[in-house]
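Protein chains get the first letters and strands the later ones, always in sequence-line order, with residue 1 at the start of each.
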Number of protein chains: 2
Amino acid sequence: MNLNYGKLKKGSLRCNNLGLDVLKNLDESLLTNLPPFKNLNTVQIREILDIATPVRIDLGKAVFDQGEVAQKFFLLLDGHIRVIKTTPDGEQVIALHITSGQLFGIAAGLGKTTYPATAIAADECLVLSWSNTQWTKFIAAYPGFSTEVYKIVGERLDEMNNRIVEMATQQVEQRVACVLLRLITQAGKKVPDGVEIDFPITRQNISEMTGTTLHTVSRLLSAWEKSGIVASKRSKVTVTQPHKLVLLSGASA
Amino acid sequence: MNLNYGKLKKGSLRCNNLGLDVLKNLDESLLTNLPPFKNLNTVQIREILDIATPVRIDLGKAVFDQGEVAQKFFLLLDGHIRVIKTTPDGEQVIALHITSGQLFGIAAGLGKTTYPATAIAADECLVLSWSNTQWTKFIAAYPGFSTEVYKIVGERLDEMNNRIVEMATQQVEQRVACVLLRLITQAGKKVPDGVEIDFPITRQNISEMTGTTLHTVSRLLSAWEKSGIVASKRSKVTVTQPHKLVLLSGASA
DNA sequence: CGCCGTCTTGACTCGCCTCAACCTCGGTGG
DNA sequence: CCACCGAGGTTGAGGCGAGTCAAGACGGCG
């Protein structure tokens with residue numbers, strides 16, 4: 001996605017509402033292609049945009065926090081969101097990543113009053129938000145919205161299911177391989193020497209996705225780098241030979 | 001729940017449609033108290049029952065299989081359903097348990113065409129089913145149905161999230177403790193000496209819920225039995241001192 | 001009565017976590 | 001411009017939790 005909001009990047013409105021002027025700059029076509037809105041006409045899209053609040057979120061900043069009363073739902077226009085659960089004793093687990101074009105923080109649609117996790121910007125993000133009071137209106141007024149939303153929910157359920165199965169049955173090496181494969185599928189960018197994960201990601205992050213330690217992840221990536229399967233820099237991972245990673249992931253069938 | 005279908009148990013129609021006579025025996029009040037139908041009047045409930053197919057499922061029999069094309073959705077009237085995922089190499093993981101009164105197999109509502117897992121009767125079950133073509137009608141015609149359904153979906157998402165966090169951060173002993181606590185919450189029956197899990201459950205089953213082996217579960221239960229925390233027979237577990245189990249589960253906060 | 005599914009227990013092994021030390025960038029301020 | 005600092009990364013040594021292998025007991029059902 002190539003959003004023309006370069007001006008915002010240099011602007012003074014960091015992490016704040018961007019104001020009406022920006023809202024008008026947002027082209028209707030931005031939403032047209034997104035699944036939840038794909039059946040809507042230009043007028044309807046305009047309606048939706050007119051009541052949306054656009055926000056830019058800096059890397060590392062939270063969109064909302066675990067346990068916070070849910071008053072809004074969000075659409076990620078650009079960037080990547082990391083959804084994190086924190087345990088009582090302070091450990092963190094990354095539940096999933098949101099890629100651009102996806103709704104998130106939809107507690108409203110699932111009968112929740114608080115957010116079950118924290119949403120952190122994994123890189124520079126542009127987000128639209130609406131009050132929860134709009135939710136039922138969206139569902140009622142916009143055909144296909146409901147269906148598409150719950151389709152996404154279904155996909156997330158699936159992904160979580162798969163992770164549970166992985167964690168229950170696979171060794172650490174396979175789990176890490178699975179996570180990398182999932183990441184390049186969801187947020188991969190083609191580069192000359194392979195597929196790169198399109199946002200900053202540390203060994204620590206990967207360990208929080210796989211239920212292991214950053215040390216073990218580091219050892220694995222080092223080994224894989226030696227075998228030419230991946231290439232990695234600080235906060236950056238590129239998979240050069242995905243097929244070999246698939247083998248390691250234990251896709252025995 | 002105390003269903004009067006004793007006659008069926010002795011009947012010859014094992015695992016088959018039960019026929020219209022049975023359908024009429026199902027009292028409207030059965031559905032009235034269930035969340036998805038709680039806002040409906042008697043006439044509406046009657047409509048729903050009239051197009052339902054009731055089925056009795058024997059212990060160990062499948063309601064549907066993983067990968068099967070989803071053509072129906074189900075309501076569990078009585079009994080317990082185990083939802084199982086099987087990996088390519090034959091290992092099994094128990095995703096969750098369905099208790100009576102819950103909808104399941106709702107692939108239709110989540111934009112899926114096949115069932116993502118297998119549903120096995122953990123004990124003697126009585127199930128209603130409807131064709132997927134009814135789904136959108138239910139959503140449209142019955143107020144509150146949609147909301148309640150997605151609330152349940154939200155709860156399952158939550159539960160799965162918690163399991164992921166547990167598997168990622170906790171030791172086996174804590175995970176098994178968590179699972180037992182969850183089971184007595186969801187399907188516990190008060191008995192003189194504690195709370196009993198209301199359906200047959202083996203060490204193997206528990207290991208499939210926690211991502212460990214039946215050996216480890218056996219050792220843990222033996223140890224706990226010595227400390228008087230649980231009492232167990234073949235395929236039966238009773239928690240006698242839940243508070244001690246809570247301590248073991250690592251609820252540090 | 002015999003078989004099979006369930007459960008138990010011991011001995012051994014090893015994958016991964018823990019602890020610990022050190023390196024290498026990239027940014028920041030004097 | 002360089003010295004410093006902190007976040008991110010690497011790598012080795014050692015120990016333990018829990019899986020694996022193995023053998024057998026128990027209890028229910030046909």
Per-pair distances, 0.1 Å, donor-acceptor, side chain in residues 187-196 of chain A, under 3.5 Å, sequence neighbours excluded:
none

Next item on the list: Write out all pairs satisfying salt bridge (charged side-chain N to carboxylate O under 4.0 Å, His left out) with one or both partners inside residues 166-178 of chain B, taking only residues at least two apart or from two chains.
Entry: Glu166(B)-Arg182(B)

Checklist line | Qualifying salt bridge (charged side-chain N to carboxylate O under 4.0 Å, His left out) pairs, either residue in residues 217-230 of chain A, two or more places apart | finding: none

Check: For Leu59(A) and dG27(C), what is the distance between atoms CG and P respectively, to the nearest whole Å?
Finding: 13 Å

Checklist line | Value rounded to 0.5 Å, distance of OG in Ser232(A) from CD1 in Ile201(A) | finding: 11.5 Å

Notebook entry, point to check: What is the nucleic acid contact for Ser232(A), judged by heavy atoms within less than 4.0 Å: base, sugar-phosphate only, or nothing?
Noted result: nothing

Note to self: What contact category does Gly60(B) fall into here, base, sugar-phosphate, or nothing, at under 4.0 angstrom with non-hydrogen atoms?
What the structure shows: nothing

N/O donor to acceptor pairs below 3.5 angstrom from side-chain atoms of residues 152-164 of chain A, sequence neighbours left out:
unit_1	atom_1	unit_2	atom_2	d
Arg156(A)	NH2	Leu103(A)	O	2.6
Asp158(A)	OD1	Lys112(B)	NZ	3.3
Asp158(A)	OD2	Lys112(B)	NZ	3.2
Glu159(A)	OE1	Gln186(A)	NE2	2.9
Asn162(A)	ND2	Asp158(A)	O	3.4
Arg163(A)	NH1	Ile94(A)	O	2.9
Arg163(A)	NH1	Ala95(A)	O	2.7
Arg163(A)	NH2	Ile94(A)	O	3.3
Arg163(A)	NH2	Met209(A)	O	2.7

Check: So, do Leu180(B) and Ile229(B) sit near enough that their side-chain heavy atoms are less than 4.5 Å apart?
Finding: no

Notebook entry, point to check: Going 5' to 3' on DNA chain D, which nucleotide is the first and which the last to come under 4.0 Å of a heavy atom in chain A?
Noted result: dA7(D) to dA13(D)

Next item on the list: For residues Ala62(A) and Ile120(A), report the shortest heavy-atom separation together with the two atoms involved.
Entry: CB-CD1, 4.1 Å

Next item on the list: Return the set of residues passing side chain to side chain contact (heavy atoms under 4.5 Å, CB included) with Gln71(A) (not counting sequence neighbours), or none when no residue passes.
Entry: Val69(A)

Item checked: Sorted by number, the residues of residues 194-203 of chain A with heavy-atom contact under 4.0 Å to DNA chain D -> Thr202(A), Arg203(A)

Notebook entry, point to check: In residues 212-226 of chain A, what residues come within less than 4.0 Å of DNA chain D, judged by heavy atoms?
Noted result: His215(A), Ser218(A), Arg219(A), Ser222(A)

Next item on the list: Output all residues satisfying salt bridge (charged side-chain N to carboxylate O under 4.0 Å, His left out) with Glu208(B), sequence neighbours left out; order by chain, then residue number.
Entry: none

Next item on the list: Under the ring-ring contact (aromatic ring centres under 6.0 Å, His included) rule, collect the residues that match up with Phe104(B), sequence neighbours excluded.
Entry: Phe74(B)

Next item on the list: Using the test ring-ring contact (aromatic ring centres under 6.0 Å, His included), find all partners of Tyr115(B) that sit at least two apart in sequence or belong to another chain.
Entry: Phe64(B)

Check: Between Thr210(A) (side chain) and Ile206(A) (backbone), is there a donor-acceptor pair under 3.5 Å?
Finding: yes

Next item on the list: Spell out, as yes or no, whether a donor-acceptor pair under 3.5 Å connects the side chain of Ser207(B) to the backbone of Val217(B).
Entry: no

Next item on the list: Could you identify which residues of residues 160-175 of chain B place a heavy atom less than 4.0 Å from some atom of DNA chain C, listed by residue number, or say none?
Entry: none

